[in-house]
> 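Have a look at this one before I ask anything.
These numbers were taken from a predicted model, which means no experiment stands behind them. Proteins get letters first, then strands, A, B, ... in listed order; numbering begins at 1 in each.
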Amino acid sequence: MGAFLQYTVIGLTVGSFYALVALGYTIVYGIIRLINFAQGDLSMVGAFIGWTLLVSLGFQHLPLWLALIAAFVIPMIGTALVNLGILQFAYKPLLHKSLWAILITALGMSLFLENAALQVWGPSINAYPPSMLPSSGFSLGPVHVTFLQVALFLTSLLLMAGLYAFVHGTMIGTAMRALAVDHDAARLMGIDVDQVIRLAFVLGAMLAAASGVMIGIYYTQIQFTMGFLLGLRAFTAAVLGGIGNIPGAMVGGMLIGLLESYTAGYLSGKWETVIVFGVLIAVLVVKPTGIFGERVAERM
Amino acid sequence: MALLEVRDLHVFYGNIEALKGISLDAEEGEIVAILGGNGAGKTTTLRTISGLLRPRTGTVTFQGRNIVGVAAHAIVGLGLGHVPEGRRIFTILSVEENLNLGAYLIRSQGALLRARKAAVYQLFPRLAERKHQLAGTLSGGEQQMLAIGRALMSDPKVLMLDEPSLGLSPLLARSVLKTVREVANDGTTVLLVEQNARQALAIADRAYVIETGRIVLEGKASILATDERVQKAYLGGFEAMTSA
(Lines give C-alpha, C1' and ligand atoms only; values in the text may rest on other atoms or scores of the structure.)
Protein backbone atom coordinates (compact mmCIF):
# COMPACT_ATOMS: atom_id res chain seq x y z
CA MET A 1 0.00 0.00 0.00
CA GLY A 2 2.81 2.36 0.91
CA ALA A 3 4.56 1.67 -2.38
CA PHE A 4 1.33 2.20 -4.30
CA LEU A 5 0.79 5.60 -2.72
CA GLN A 6 4.40 6.52 -3.32
CA TYR A 7 4.04 5.66 -7.01
CA THR A 8 0.83 7.67 -7.08
CA VAL A 9 2.61 10.77 -5.81
CA ILE A 10 5.28 10.42 -8.49
CA GLY A 11 2.69 9.64 -11.15
CA LEU A 12 0.62 12.73 -10.39
CA THR A 13 3.68 14.96 -10.41
CA VAL A 14 4.89 13.70 -13.77
CA GLY A 15 1.33 13.46 -15.05
CA SER A 16 0.81 17.14 -14.42
CA PHE A 17 3.70 17.89 -16.82
CA TYR A 18 2.10 15.71 -19.47
CA ALA A 19 -1.26 17.36 -18.88
CA LEU A 20 0.20 20.79 -19.61
CA VAL A 21 1.71 19.65 -22.90
CA ALA A 22 -1.45 17.69 -23.77
CA LEU A 23 -3.49 20.87 -23.31
CA GLY A 24 -1.45 22.50 -26.05
CA TYR A 25 -2.28 19.65 -28.43
CA THR A 26 -5.92 19.83 -27.53
CA ILE A 27 -6.38 23.60 -27.77
CA VAL A 28 -4.81 23.75 -31.21
CA TYR A 29 -6.58 20.62 -32.43
CA GLY A 30 -9.91 21.92 -31.17
CA ILE A 31 -9.60 25.03 -33.29
CA ILE A 32 -7.87 24.03 -36.50
CA ARG A 33 -7.89 20.21 -36.39
CA LEU A 34 -4.12 20.11 -36.49
CA ILE A 35 -1.97 17.81 -34.37
CA ASN A 36 0.87 20.21 -33.64
CA PHE A 37 3.62 17.62 -33.32
CA ALA A 38 6.06 20.34 -32.28
CA GLN A 39 4.24 20.59 -28.95
CA GLY A 40 6.75 18.45 -27.03
CA ASP A 41 9.65 20.31 -28.59
CA LEU A 42 8.14 23.61 -27.52
CA SER A 43 8.42 22.27 -24.01
CA MET A 44 12.08 21.52 -24.68
CA VAL A 45 12.63 25.06 -25.99
CA GLY A 46 11.02 26.41 -22.82
CA ALA A 47 13.25 24.21 -20.67
CA PHE A 48 16.37 25.49 -22.48
CA ILE A 49 15.40 29.13 -22.27
CA GLY A 50 14.84 28.59 -18.54
CA TRP A 51 18.23 26.89 -18.25
CA THR A 52 19.92 29.75 -20.09
CA LEU A 53 18.42 32.23 -17.67
CA LEU A 54 19.14 30.29 -14.49
CA VAL A 55 22.56 28.90 -15.32
CA SER A 56 24.19 30.83 -18.16
CA LEU A 57 22.90 34.22 -17.06
CA GLY A 58 23.17 33.35 -13.37
CA PHE A 59 19.56 34.04 -12.40
CA GLN A 60 19.89 31.20 -9.90
CA HIS A 61 21.77 33.57 -7.62
CA LEU A 62 18.91 36.04 -7.52
CA PRO A 63 16.39 35.85 -4.70
CA LEU A 64 14.48 32.60 -5.18
CA TRP A 65 11.08 34.14 -5.93
CA LEU A 66 12.53 36.47 -8.53
CA ALA A 67 14.55 33.69 -10.15
CA LEU A 68 11.48 31.47 -10.35
CA ILE A 69 9.21 34.12 -11.80
CA ALA A 70 11.81 34.96 -14.44
CA ALA A 71 12.47 31.27 -15.14
CA PHE A 72 8.81 30.70 -15.87
CA VAL A 73 7.58 33.92 -17.44
CA ILE A 74 10.43 34.58 -19.87
CA PRO A 75 10.49 31.04 -21.34
CA MET A 76 6.70 31.16 -21.66
CA ILE A 77 6.90 34.38 -23.65
CA GLY A 78 9.87 33.22 -25.72
CA THR A 79 8.27 29.90 -26.59
CA ALA A 80 4.99 31.61 -27.46
CA LEU A 81 6.90 33.74 -29.98
CA VAL A 82 8.52 30.62 -31.44
CA ASN A 83 5.12 28.97 -31.83
CA LEU A 84 3.67 32.12 -33.43
CA GLY A 85 6.53 32.06 -35.90
CA ILE A 86 5.80 28.42 -36.72
CA LEU A 87 2.12 29.24 -37.22
CA GLN A 88 2.84 32.24 -39.40
CA PHE A 89 5.52 30.78 -41.66
CA ALA A 90 4.87 27.04 -41.68
CA TYR A 91 1.19 26.37 -40.98
CA LYS A 92 -0.68 29.42 -42.17
CA PRO A 93 0.13 29.04 -45.87
CA LEU A 94 -1.25 25.49 -45.62
CA LEU A 95 -4.30 26.13 -43.43
CA HIS A 96 -6.84 25.85 -46.22
CA LYS A 97 -4.96 23.21 -48.16
CA SER A 98 -4.58 19.49 -47.53
CA LEU A 99 -4.64 18.28 -43.95
CA TRP A 100 -1.81 15.87 -44.75
CA ALA A 101 0.48 18.66 -45.88
CA ILE A 102 0.06 20.53 -42.61
CA LEU A 103 0.43 17.35 -40.53
CA ILE A 104 3.71 16.48 -42.21
CA THR A 105 4.81 20.08 -41.77
CA ALA A 106 4.09 19.71 -38.06
CA LEU A 107 6.41 16.70 -37.91
CA GLY A 108 8.97 18.77 -39.78
CA MET A 109 8.63 21.59 -37.25
CA SER A 110 9.31 19.11 -34.46
CA LEU A 111 12.57 18.07 -36.15
CA PHE A 112 13.37 21.69 -36.92
CA LEU A 113 13.09 22.71 -33.28
CA GLU A 114 15.18 19.75 -32.14
CA ASN A 115 17.96 20.54 -34.56
CA ALA A 116 17.82 24.25 -33.89
CA ALA A 117 18.21 23.49 -30.19
CA LEU A 118 21.12 21.19 -31.01
CA GLN A 119 22.80 24.08 -32.81
CA VAL A 120 22.10 26.65 -30.11
CA TRP A 121 22.58 24.63 -26.93
CA GLY A 122 24.67 21.68 -28.10
CA PRO A 123 24.22 17.93 -27.76
CA SER A 124 25.20 17.50 -24.13
CA ILE A 125 22.93 17.04 -21.17
CA ASN A 126 22.47 20.37 -19.44
CA ALA A 127 21.93 20.48 -15.71
CA TYR A 128 19.46 22.70 -13.93
CA PRO A 129 20.77 24.13 -10.64
CA PRO A 130 20.19 21.22 -8.21
CA SER A 131 20.30 23.12 -4.97
CA MET A 132 18.02 25.96 -5.93
CA LEU A 133 14.96 24.40 -4.36
CA PRO A 134 14.86 22.47 -1.09
CA SER A 135 14.91 18.70 -1.50
CA SER A 136 13.25 18.21 1.85
CA GLY A 137 9.73 17.01 2.28
CA PHE A 138 7.31 15.51 4.71
CA SER A 139 5.82 12.12 5.44
CA LEU A 140 2.16 11.27 5.11
CA GLY A 141 2.01 7.90 6.82
CA PRO A 142 4.16 5.61 4.68
CA VAL A 143 4.47 8.08 1.83
CA HIS A 144 7.25 10.59 1.45
CA VAL A 145 6.28 13.74 -0.43
CA THR A 146 8.82 16.40 -1.30
CA PHE A 147 7.93 20.07 -1.16
CA LEU A 148 9.14 20.27 -4.72
CA GLN A 149 6.56 17.72 -5.86
CA VAL A 150 3.81 19.63 -4.11
CA ALA A 151 4.96 22.94 -5.54
CA LEU A 152 5.19 21.63 -9.11
CA PHE A 153 1.86 19.85 -8.89
CA LEU A 154 0.15 22.95 -7.51
CA THR A 155 1.76 25.15 -10.18
CA SER A 156 0.40 22.83 -12.86
CA LEU A 157 -3.05 22.86 -11.32
CA LEU A 158 -2.93 26.63 -11.10
CA LEU A 159 -2.04 26.96 -14.77
CA MET A 160 -4.77 24.51 -15.75
CA ALA A 161 -7.34 26.28 -13.60
CA GLY A 162 -6.27 29.57 -15.17
CA LEU A 163 -6.71 28.15 -18.65
CA TYR A 164 -10.09 26.70 -17.79
CA ALA A 165 -11.26 30.00 -16.31
CA PHE A 166 -10.03 31.84 -19.38
CA VAL A 167 -11.73 29.52 -21.85
CA HIS A 168 -15.02 29.38 -19.96
CA GLY A 169 -15.13 32.75 -18.28
CA THR A 170 -14.08 35.25 -20.94
CA MET A 171 -15.55 36.26 -24.24
CA ILE A 172 -12.35 35.43 -26.14
CA GLY A 173 -12.31 32.01 -24.48
CA THR A 174 -15.92 31.50 -25.56
CA ALA A 175 -14.87 32.50 -29.07
CA MET A 176 -12.18 29.80 -28.92
CA ARG A 177 -14.82 27.20 -28.13
CA ALA A 178 -17.05 28.58 -30.88
CA LEU A 179 -14.24 28.09 -33.37
CA ALA A 180 -14.21 24.40 -32.51
CA VAL A 181 -17.73 24.27 -33.98
CA ASP A 182 -17.83 26.61 -36.95
CA HIS A 183 -15.29 29.11 -38.30
CA ASP A 184 -17.60 30.89 -40.73
CA ALA A 185 -20.33 31.31 -38.14
CA ALA A 186 -17.69 32.73 -35.80
CA ARG A 187 -16.65 35.25 -38.46
CA LEU A 188 -20.28 36.34 -38.72
CA MET A 189 -20.17 37.16 -34.99
CA GLY A 190 -17.34 39.58 -35.63
CA ILE A 191 -14.69 37.19 -34.32
CA ASP A 192 -11.27 37.65 -35.91
CA VAL A 193 -10.60 33.97 -36.50
CA ASP A 194 -6.89 34.42 -37.26
CA GLN A 195 -6.42 36.28 -34.01
CA VAL A 196 -8.07 33.52 -31.99
CA ILE A 197 -5.92 30.90 -33.74
CA ARG A 198 -2.82 32.90 -32.78
CA LEU A 199 -4.07 33.04 -29.22
CA ALA A 200 -4.46 29.24 -29.17
CA PHE A 201 -0.85 28.87 -30.32
CA VAL A 202 0.33 31.31 -27.66
CA LEU A 203 -1.55 29.50 -24.89
CA GLY A 204 -0.39 26.07 -26.06
CA ALA A 205 3.23 27.21 -26.18
CA MET A 206 3.07 28.89 -22.78
CA LEU A 207 1.77 25.74 -21.11
CA ALA A 208 4.40 23.65 -22.88
CA ALA A 209 7.18 26.01 -21.80
CA ALA A 210 6.00 25.96 -18.21
CA SER A 211 6.05 22.16 -18.23
CA GLY A 212 9.56 22.23 -19.74
CA VAL A 213 10.90 24.40 -16.95
CA MET A 214 9.19 22.21 -14.37
CA ILE A 215 10.72 19.11 -15.92
CA GLY A 216 14.12 20.79 -15.73
CA ILE A 217 13.62 21.63 -12.08
CA TYR A 218 12.24 18.18 -11.21
CA TYR A 219 14.70 15.93 -13.06
CA THR A 220 17.51 18.57 -13.03
CA GLN A 221 18.62 17.38 -16.48
CA ILE A 222 17.53 18.45 -19.94
CA GLN A 223 18.63 17.56 -23.45
CA PHE A 224 17.62 18.69 -26.92
CA THR A 225 15.92 15.34 -27.60
CA MET A 226 13.68 15.48 -24.54
CA GLY A 227 10.71 16.89 -26.45
CA PHE A 228 10.23 13.88 -28.70
CA LEU A 229 9.04 11.26 -26.21
CA LEU A 230 7.47 13.92 -24.04
CA GLY A 231 5.42 15.08 -27.00
CA LEU A 232 4.30 11.58 -27.90
CA ARG A 233 3.35 10.82 -24.30
CA ALA A 234 1.39 14.04 -24.06
CA PHE A 235 -0.24 13.27 -27.40
CA THR A 236 -1.28 9.90 -25.96
CA ALA A 237 -2.68 11.74 -22.95
CA ALA A 238 -4.66 14.10 -25.17
CA VAL A 239 -6.06 11.22 -27.23
CA LEU A 240 -6.87 9.22 -24.09
CA GLY A 241 -8.83 12.14 -22.65
CA GLY A 242 -10.46 12.94 -25.98
CA ILE A 243 -8.52 15.26 -28.22
CA GLY A 244 -10.07 18.70 -28.44
CA ASN A 245 -11.44 18.38 -24.93
CA ILE A 246 -9.73 20.50 -22.25
CA PRO A 247 -10.69 18.57 -19.10
CA GLY A 248 -9.88 15.44 -21.11
CA ALA A 249 -6.29 16.57 -21.64
CA MET A 250 -5.88 17.25 -17.92
CA VAL A 251 -7.29 13.87 -16.88
CA GLY A 252 -5.45 12.07 -19.69
CA GLY A 253 -2.15 13.61 -18.62
CA MET A 254 -2.59 12.49 -15.03
CA LEU A 255 -3.61 8.99 -16.11
CA ILE A 256 -0.57 8.60 -18.35
CA GLY A 257 1.68 9.84 -15.53
CA LEU A 258 0.15 7.35 -13.09
CA LEU A 259 0.29 4.51 -15.59
CA GLU A 260 3.95 5.18 -16.22
CA SER A 261 4.77 5.40 -12.54
CA TYR A 262 2.95 2.16 -11.68
CA THR A 263 4.59 0.40 -14.60
CA ALA A 264 8.04 1.56 -13.54
CA GLY A 265 7.30 0.62 -9.93
CA TYR A 266 5.69 -2.77 -10.33
CA LEU A 267 7.18 -4.01 -13.60
CA SER A 268 10.26 -2.15 -14.74
CA GLY A 269 11.18 1.20 -16.20
CA LYS A 270 11.87 -0.54 -19.48
CA TRP A 271 8.18 -1.25 -19.93
CA GLU A 272 7.02 2.36 -19.45
CA THR A 273 7.04 3.34 -23.09
CA VAL A 274 5.62 0.03 -24.24
CA ILE A 275 2.65 0.35 -21.92
CA VAL A 276 2.02 4.02 -22.71
CA PHE A 277 1.99 3.54 -26.46
CA GLY A 278 0.06 0.29 -26.03
CA VAL A 279 -2.59 2.48 -24.43
CA LEU A 280 -2.45 4.87 -27.37
CA ILE A 281 -3.07 2.04 -29.82
CA ALA A 282 -5.80 0.54 -27.65
CA VAL A 283 -7.64 3.87 -27.36
CA LEU A 284 -7.38 4.51 -31.09
CA VAL A 285 -8.76 1.04 -31.82
CA VAL A 286 -11.44 0.76 -29.14
CA LYS A 287 -12.58 4.33 -28.48
CA PRO A 288 -10.89 6.86 -30.75
CA THR A 289 -12.92 9.69 -29.23
CA GLY A 290 -11.26 9.09 -25.85
CA ILE A 291 -12.79 9.38 -22.40
CA PHE A 292 -14.51 12.75 -22.87
CA GLY A 293 -14.41 12.67 -26.63
CA GLU A 294 -18.11 12.66 -27.39
CA ARG A 295 -18.32 16.35 -26.57
CA VAL A 296 -15.94 17.28 -29.36
CA ALA A 297 -17.80 18.79 -32.27
CA GLU A 298 -16.67 17.62 -35.67
CA ARG A 299 -16.15 20.39 -38.13
CA MET A 300 -14.73 18.50 -41.10
CA MET B 1 -28.30 56.22 -52.68
CA ALA B 2 -29.62 53.06 -51.09
CA LEU B 3 -28.28 51.76 -47.77
CA LEU B 4 -26.97 48.63 -49.46
CA GLU B 5 -26.10 48.56 -53.15
CA VAL B 6 -24.85 45.45 -54.88
CA ARG B 7 -23.56 45.98 -58.39
CA ASP B 8 -22.70 43.38 -61.00
CA LEU B 9 -21.34 40.66 -58.70
CA HIS B 10 -19.50 37.83 -60.39
CA VAL B 11 -18.55 35.00 -58.05
CA PHE B 12 -16.76 31.79 -58.99
CA TYR B 13 -16.34 28.43 -57.27
CA GLY B 14 -13.25 27.22 -59.06
CA ASN B 15 -14.17 27.55 -62.72
CA ILE B 16 -17.89 27.54 -62.14
CA GLU B 17 -19.51 30.93 -62.26
CA ALA B 18 -22.12 30.94 -59.49
CA LEU B 19 -23.13 34.59 -59.78
CA LYS B 20 -23.20 36.09 -63.26
CA GLY B 21 -23.74 39.75 -62.52
CA ILE B 22 -26.09 40.20 -59.58
CA SER B 23 -27.23 43.74 -58.77
CA LEU B 24 -29.66 44.68 -56.06
CA ASP B 25 -30.55 47.47 -53.64
CA ALA B 26 -31.95 47.59 -50.14
CA GLU B 27 -33.32 50.80 -48.67
CA GLU B 28 -33.50 51.63 -45.01
CA GLY B 29 -36.21 49.74 -43.13
CA GLU B 30 -37.48 47.65 -46.01
CA ILE B 31 -37.67 43.89 -46.37
CA VAL B 32 -36.18 42.71 -49.63
CA ALA B 33 -36.88 39.10 -50.53
CA ILE B 34 -34.57 37.06 -52.75
CA LEU B 35 -36.37 34.16 -54.35
CA GLY B 36 -35.18 31.38 -56.57
CA GLY B 37 -34.71 27.65 -56.87
CA ASN B 38 -31.97 25.51 -55.36
CA GLY B 39 -28.53 26.44 -56.65
CA ALA B 40 -29.75 29.70 -58.17
CA GLY B 41 -27.18 31.71 -56.20
CA LYS B 42 -29.20 33.11 -53.28
CA THR B 43 -26.89 31.86 -50.55
CA THR B 44 -23.82 32.79 -52.57
CA THR B 45 -25.16 36.34 -52.88
CA LEU B 46 -25.55 36.69 -49.11
CA ARG B 47 -22.17 35.08 -48.39
CA THR B 48 -20.51 37.49 -50.79
CA ILE B 49 -22.15 40.51 -49.23
CA SER B 50 -21.05 39.45 -45.74
CA GLY B 51 -17.48 38.89 -46.88
CA LEU B 52 -17.30 35.10 -46.50
CA LEU B 53 -16.79 34.89 -50.27
CA ARG B 54 -14.89 37.28 -52.44
CA PRO B 55 -16.31 38.23 -55.82
CA ARG B 56 -14.10 38.23 -58.89
CA THR B 57 -15.65 41.50 -59.95
CA GLY B 58 -18.43 43.75 -58.77
CA THR B 59 -19.03 45.97 -55.77
CA VAL B 60 -20.98 45.86 -52.54
CA THR B 61 -21.57 49.38 -51.29
CA PHE B 62 -22.81 49.74 -47.74
CA GLN B 63 -23.54 53.25 -46.46
CA GLY B 64 -21.60 54.65 -49.37
CA ARG B 65 -18.50 52.54 -48.83
CA ASN B 66 -17.33 49.63 -50.99
CA ILE B 67 -16.89 46.69 -48.61
CA VAL B 68 -15.55 44.14 -51.08
CA GLY B 69 -12.27 42.87 -49.63
CA VAL B 70 -13.10 43.86 -46.07
CA ALA B 71 -12.76 40.85 -43.72
CA ALA B 72 -16.05 39.18 -42.76
CA HIS B 73 -15.55 39.87 -39.06
CA ALA B 74 -15.02 43.55 -39.76
CA ILE B 75 -18.12 43.77 -41.97
CA VAL B 76 -20.22 42.68 -38.98
CA GLY B 77 -18.86 45.68 -37.15
CA LEU B 78 -20.03 47.99 -39.91
CA GLY B 79 -23.61 46.90 -39.27
CA LEU B 80 -24.30 43.94 -41.53
CA GLY B 81 -25.70 40.91 -39.70
CA HIS B 82 -26.00 37.52 -41.39
CA VAL B 83 -28.03 34.54 -40.20
CA PRO B 84 -26.51 31.79 -42.31
CA GLU B 85 -28.28 28.90 -43.96
CA GLY B 86 -28.72 25.98 -41.61
CA ARG B 87 -28.60 28.32 -38.57
CA ARG B 88 -25.01 27.39 -37.72
CA ILE B 89 -25.46 27.99 -34.01
CA PHE B 90 -22.64 26.96 -31.66
CA THR B 91 -24.10 23.68 -30.46
CA ILE B 92 -21.62 23.06 -27.62
CA LEU B 93 -22.19 26.51 -26.10
CA SER B 94 -25.17 27.55 -24.01
CA VAL B 95 -27.94 29.71 -25.42
CA GLU B 96 -26.64 32.66 -23.44
CA GLU B 97 -23.07 32.15 -24.65
CA ASN B 98 -24.31 32.07 -28.24
CA LEU B 99 -26.03 35.41 -27.72
CA ASN B 100 -22.98 36.87 -25.99
CA LEU B 101 -20.84 35.98 -28.99
CA GLY B 102 -23.31 37.84 -31.18
CA ALA B 103 -22.14 40.96 -29.34
CA TYR B 104 -18.46 40.00 -29.53
CA LEU B 105 -17.47 43.37 -30.94
CA ILE B 106 -18.98 45.25 -28.00
CA ARG B 107 -17.77 42.72 -25.42
CA SER B 108 -16.18 45.39 -23.27
CA GLN B 109 -19.46 47.31 -22.97
CA GLY B 110 -21.29 45.19 -20.40
CA ALA B 111 -24.34 47.40 -19.96
CA LEU B 112 -25.01 47.69 -23.69
CA LEU B 113 -24.54 43.95 -24.12
CA ARG B 114 -27.01 43.19 -21.34
CA ALA B 115 -29.55 45.63 -22.74
CA ARG B 116 -29.41 44.01 -26.17
CA LYS B 117 -29.68 40.57 -24.63
CA ALA B 118 -32.75 41.67 -22.71
CA ALA B 119 -34.28 42.93 -25.96
CA VAL B 120 -33.60 39.59 -27.67
CA TYR B 121 -35.13 37.70 -24.73
CA GLN B 122 -38.17 39.96 -25.01
CA LEU B 123 -38.48 39.15 -28.70
CA PHE B 124 -37.97 35.42 -28.07
CA PRO B 125 -39.10 34.58 -24.51
CA ARG B 126 -38.43 30.90 -25.21
CA LEU B 127 -34.70 31.66 -25.35
CA ALA B 128 -34.82 33.30 -21.93
CA GLU B 129 -36.35 30.14 -20.48
CA ARG B 130 -33.57 28.06 -21.97
CA LYS B 131 -30.61 30.37 -21.59
CA HIS B 132 -28.47 27.90 -19.64
CA GLN B 133 -29.24 24.99 -21.94
CA LEU B 134 -26.72 23.86 -24.57
CA ALA B 135 -27.79 25.28 -27.91
CA GLY B 136 -27.49 21.86 -29.54
CA THR B 137 -30.37 20.59 -27.42
CA LEU B 138 -32.85 23.20 -28.72
CA SER B 139 -35.61 22.32 -31.16
CA GLY B 140 -35.32 23.47 -34.77
CA GLY B 141 -37.58 26.46 -34.20
CA GLU B 142 -35.71 27.51 -31.08
CA GLN B 143 -32.39 27.16 -32.89
CA GLN B 144 -33.69 29.49 -35.59
CA MET B 145 -34.77 32.00 -32.95
CA LEU B 146 -31.31 31.75 -31.43
CA ALA B 147 -29.63 32.27 -34.79
CA ILE B 148 -31.71 35.39 -35.42
CA GLY B 149 -31.32 36.63 -31.86
CA ARG B 150 -27.56 36.11 -32.05
CA ALA B 151 -27.35 38.23 -35.19
CA LEU B 152 -29.51 40.94 -33.60
CA MET B 153 -27.02 41.19 -30.72
CA SER B 154 -24.73 43.16 -33.02
CA ASP B 155 -27.60 45.63 -33.60
CA PRO B 156 -27.24 45.42 -37.39
CA LYS B 157 -28.52 48.04 -39.80
CA VAL B 158 -28.99 45.30 -42.37
CA LEU B 159 -30.00 41.80 -41.31
CA MET B 160 -29.53 39.07 -43.89
CA LEU B 161 -31.54 35.90 -43.31
CA ASP B 162 -30.88 32.73 -45.27
CA GLU B 163 -33.88 30.38 -45.32
CA PRO B 164 -35.11 31.15 -41.79
CA SER B 165 -38.19 28.95 -42.17
CA LEU B 166 -36.39 25.91 -43.56
CA GLY B 167 -37.28 22.74 -41.69
CA LEU B 168 -39.88 24.43 -39.50
CA SER B 169 -43.55 23.55 -39.23
CA PRO B 170 -45.83 25.94 -41.17
CA LEU B 171 -47.01 27.46 -37.91
CA LEU B 172 -43.48 28.07 -36.62
CA ALA B 173 -42.38 29.33 -40.02
CA ARG B 174 -45.14 31.92 -39.97
CA SER B 175 -44.22 32.98 -36.45
CA VAL B 176 -40.54 33.37 -37.38
CA LEU B 177 -41.40 35.46 -40.44
CA LYS B 178 -43.77 37.56 -38.36
CA THR B 179 -40.87 38.31 -36.04
CA VAL B 180 -38.78 39.28 -39.08
CA ARG B 181 -41.48 41.80 -39.99
CA GLU B 182 -41.34 43.20 -36.44
CA VAL B 183 -37.58 43.57 -36.67
CA ALA B 184 -37.95 45.48 -39.94
CA ASN B 185 -40.66 47.68 -38.45
CA ASP B 186 -38.11 48.77 -35.86
CA GLY B 187 -36.03 50.19 -38.71
CA THR B 188 -33.70 47.29 -39.54
CA THR B 189 -33.32 46.55 -43.22
CA VAL B 190 -33.89 42.87 -43.97
CA LEU B 191 -32.52 40.88 -46.87
CA LEU B 192 -34.54 37.69 -46.85
CA VAL B 193 -33.66 34.55 -48.79
CA GLU B 194 -36.60 32.16 -48.66
CA GLN B 195 -37.77 29.00 -50.33
CA ASN B 196 -41.22 29.72 -48.99
CA ALA B 197 -41.97 32.33 -51.65
CA ARG B 198 -45.59 32.88 -50.69
CA GLN B 199 -44.85 33.85 -47.11
CA ALA B 200 -41.74 35.78 -48.06
CA LEU B 201 -43.69 37.91 -50.52
CA ALA B 202 -46.39 38.42 -47.91
CA ILE B 203 -44.01 40.22 -45.54
CA ALA B 204 -41.56 41.72 -48.07
CA ASP B 205 -41.66 45.19 -49.59
CA ARG B 206 -39.73 44.29 -52.72
CA ALA B 207 -38.33 41.11 -54.19
CA TYR B 208 -35.78 39.79 -56.65
CA VAL B 209 -35.98 36.46 -58.43
CA ILE B 210 -32.64 34.78 -59.16
CA GLU B 211 -32.15 32.01 -61.68
CA THR B 212 -28.75 30.40 -62.39
CA GLY B 213 -26.81 33.34 -61.05
CA ARG B 214 -28.82 36.13 -62.71
CA ILE B 215 -31.65 38.34 -61.60
CA VAL B 216 -34.56 37.57 -63.87
CA LEU B 217 -37.32 39.53 -62.17
CA GLU B 218 -37.59 42.32 -59.68
CA GLY B 219 -40.27 44.55 -58.32
CA LYS B 220 -42.70 45.27 -55.53
CA ALA B 221 -43.55 42.16 -53.54
CA SER B 222 -47.28 42.66 -53.93
CA ILE B 223 -46.93 42.87 -57.71
CA LEU B 224 -44.54 39.91 -57.97
CA ALA B 225 -46.94 37.82 -55.89
CA THR B 226 -49.50 38.13 -58.68
CA ASP B 227 -46.97 37.78 -61.50
CA GLU B 228 -47.80 34.78 -63.65
CA ARG B 229 -44.20 33.59 -63.98
CA VAL B 230 -43.59 33.80 -60.24
CA GLN B 231 -46.83 32.01 -59.50
CA LYS B 232 -45.98 29.24 -61.88
CA ALA B 233 -42.40 28.73 -60.76
CA TYR B 234 -42.47 29.43 -57.03
CA LEU B 235 -46.00 29.69 -55.76
CA GLY B 236 -47.29 26.39 -57.11
CA GLY B 237 -50.25 27.93 -58.99
CA PHE B 238 -53.89 26.95 -58.62
CA GLU B 239 -53.59 23.48 -60.10
CA ALA B 240 -50.71 22.46 -57.89
CA MET B 241 -52.58 23.62 -54.85
CA THR B 242 -55.74 21.68 -55.59
CA SER B 243 -53.94 18.53 -56.60
CA ALA B 244 -51.85 18.54 -53.44
> Look up atom CZ in Arg187(A) and atom NE2 in His82(B), then write down how far apart they are to the nearest 0.5 Å.
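Spacing of CZ (Arg187(A)) from NE2 (His82(B)) equals 13.5 Å.
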> Could you state the interatomic distance from NE2 (His168(A)) to CD (Glu97(B)), rounded to the nearest 0.5 Å?
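Spacing of NE2 (His168(A)) from CD (Glu97(B)) equals 8.0 Å.
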> With a 4.5 Å cut-off on side-chain heavy atoms, are Asp184(A) and Pro84(B) touching?
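A side-chain contact is absent here, since even the closest heavy-atom pair is not under 4.5 Å.
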> Side-chain contact, heavy-atom cut-off 4.5 Å: Leu188(A) with Leu52(B)?
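Of all side-chain heavy-atom pairs linking Leu52(B) with Leu188(A), at least one is under 4.5 Å.
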> Please state whether the side chain, the backbone, both or neither of Ala72(B) comes within less than 4.5 Å of a heavy atom of chain A.
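Both parts, backbone and side chain.
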> Using heavy-atom distances under 4.5 Å, tell me whether Arg87(B) contacts chain A through its side chain, its backbone, both, or neither.
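For Arg87(B), there is no contact with chain A at all, as no heavy atom is under 4.5 Å.
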> Is any side-chain heavy atom of Asn100(B) less than 4.5 Å from a side-chain heavy atom of Thr174(A)?
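A side-chain contact is absent here, since even the closest heavy-atom pair is not under 4.5 Å.
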> If you count heavy-atom pairs under 4.5 Å with chain B, which of Ile191(A), Ile172(A), Val193(A) comes out on top?
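Ranked by contacts with chain B, first place is Ile191(A).
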> Closest approach of Ile89(B) and Val181(A), non-hydrogen atoms and distance?
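Ile89(B) and Val181(A) have their closest heavy atoms at O-CG1, 4.1 Å.
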> Would you indicate whether Phe277(A), at its atom CZ, is surrounded by more than 12 heavy atoms from other residues, nucleotides or ligands within a distance under 6.0 Å?
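Counting neighbours around CZ of Phe277(A), more than 12 heavy atoms of other residues, nucleotides or ligands fall under 6.0 Å, so yes.
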> Ile106(B) versus chain A, heavy atoms under 4.5 Å apart: side chain, backbone, both or neither?
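Contact with chain A involves no heavy atom of Ile106(B) at all.
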> Measuring heavy-atom distances to chain A, does Ile75(B) have an atom under 4.5 Å in its side chain, in its backbone, in both, or in neither?
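Neither part, no heavy atoms under 4.5 Å.
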> Say you draw a straight line from OG of Ser108(B) to CE of Met171(A); how long is it, rounded to the nearest 0.5 Å?
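It is 9.5 Å, given to the nearest 0.5 Å.
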> When you look at CG of Asn38(B), are more than 12 heavy atoms from neighbouring residues, nucleotides or ligands closer to it than 6.0 Å?
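No - once you tally the heavy atoms of other residues, nucleotides and ligands closer than 6.0 Å, there are 12 at most.
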> Report which part of Leu93(B) has an atom under 4.5 Å of a heavy atom belonging to chain A: side chain, backbone, both, or neither.
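For Leu93(B), the contact with chain A is made by the side chain alone.
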> Flag yes if more than 12 heavy atoms outside Tyr164(A) fall under 6.0 Å of its OH atom; otherwise flag no.
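Incorrect, the count does not exceed 12.
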> Is the number of heavy atoms from other residues, nucleotides or ligands under 6.0 Å of Phe89(A) CZ greater than 12?
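For Phe89(A), atom CZ is not crowded (no more than 12 foreign heavy atoms under 6.0 Å).
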> For Glu28(B), I'd like to know if atom CD has over 12 heavy atoms of other residues, nucleotides or ligands within 6.0 Å.
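Check fails, neighbour count at 12 or below.
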> So do Arg177(A) and Phe90(B) actually touch side chain to side chain, heavy atoms under 4.5 Å?
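They are not in side-chain contact.
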